[in-house]
Amino acid sequence: ILNVEQSPQSLHVQEGDSTNFTCSFPSSNFYALHWYRWETAKSPEALFVMTLNGDEKKKGRISATLNTKEGYSYLYIKGSQPEDSATYLCAFMGSGGGADGLTFGKGTHLIIQP
Amino acid sequence: NAGVTQTPKFRILKIGQSMTLQCTQDMNHNYMYWYRQDPGMGLKLIYYSVGAGITDKGEVPNGYNVSRSTTEDFPLRLELAAPSQTSVYFCASSPGHLEAFFGQGTRLTVV
């Protein structure tokens, strides 16, 4: 069983503040690292798929970095807004590609306070 | 833009009953997955398929069966439902290592 850890488990942030959280994953047999955004009563939606060590991805105010050698990824949100409130999931994909499925962390539950 | 469609959205089963959760996708994705989500536990992989006619067990397959007779459909069968199978079930598909697309989920309660 693969170990994908996310921290913190939950986070309260004031509107306008920036924040970040962590995903750690096995550094061996790496193929890809996914980030998903999961709003209450909806289904997860992909934010980023990263495959290369040192990868940085950005979408609006959200960005992510990847370190495959040490097995961690950071997700950053700049200038948090109430609509950023959601659970953020990371998922590890091993060297089998999609053939082994995605192993998800338990998520970071982000609450933006006005 | 149907994407991944799951039915039903909600279901209550009695212990020992059986049911099939339906999942269909119209994106011609080879890979399809079934996950269950329990509070505080994240998404756990039940079964997955890399193409029609091929299925494999994930992390928590006991009590479930799947089939993949077509690229589009990946039904999940629960035989002899147990209270431990009370959960929210998500079907997903992907074109390989790229992003997965999820259905809206099925909330199942076994009483």
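Letters A, B, ... mirror the listed sequences (proteins, then strands); counts begin at 1.
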Inspect the surroundings of [atom1] in [X] and state if more than 12 heavy atoms from other residues, nucleotides or ligands are less than 6.0 Å away.
X: Gln113(A); atom1: CD; value: yes
X: Ile15(B); atom1: CD1; value: yes
X: Arg107(B); atom1: CZ; value: no
X: Met27(B); atom1: CE; value: yes
X: Glu15(A); atom1: CD; value: yes

Relative to chain A, which segment of Ala100(B) carries a heavy atom at a distance below 4.5 Å: side chain, backbone, both, or neither? both
Where does Phe101(B) contact chain A at under 4.5 Å (heavy atoms): side chain, backbone, both or neither?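 When you check distances to chain A, no heavy atom of Phe101(B) falls under 4.5 Å.
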Minimum heavy-atom distance [X]-[Y], with the two atoms named:
X: Leu102(A); Y: Tyr35(B); answer: O-OH, 2.8 Å
X: Glu99(B); Y: Val49(A); answer: N-CG2, 3.7 Å
X: Pro44(A); Y: Phe90(B); answer: CD-CE2, 4.3 Å
X: Ser43(A); Y: Gly103(B); answer: CB-O, 2.9 Å

Quick check on [X] against chain B: is it the side chain, the backbone, both or neither that has a heavy atom closer than 4.5 Å?
X: Leu89(A); answer: side chain
X: Tyr36(A); answer: side chain
X: Trp38(A); answer: side chain
X: Thr51(A); answer: side chain

Let me confirm one number: the CD-NZ distance from Gln37(B) to Lys106(A), rounded to the nearest 0.5 Å.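 Here the rounded value is 12.0 Å.
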What distance separates Leu45(B) CG from Thr103(A) OG1, expressed to the nearest 0.5 Å?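 It is 7.0 Å, given to the nearest 0.5 Å.
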Connected via hydrophobic side-chain network under 4.5 Å: [X] and [Y]:
X: Leu13(B); Y: Val88(B); result: no
X: Phe48(A); Y: Phe25(A); result: yes
X: Leu11(A); Y: Leu75(A); result: yes

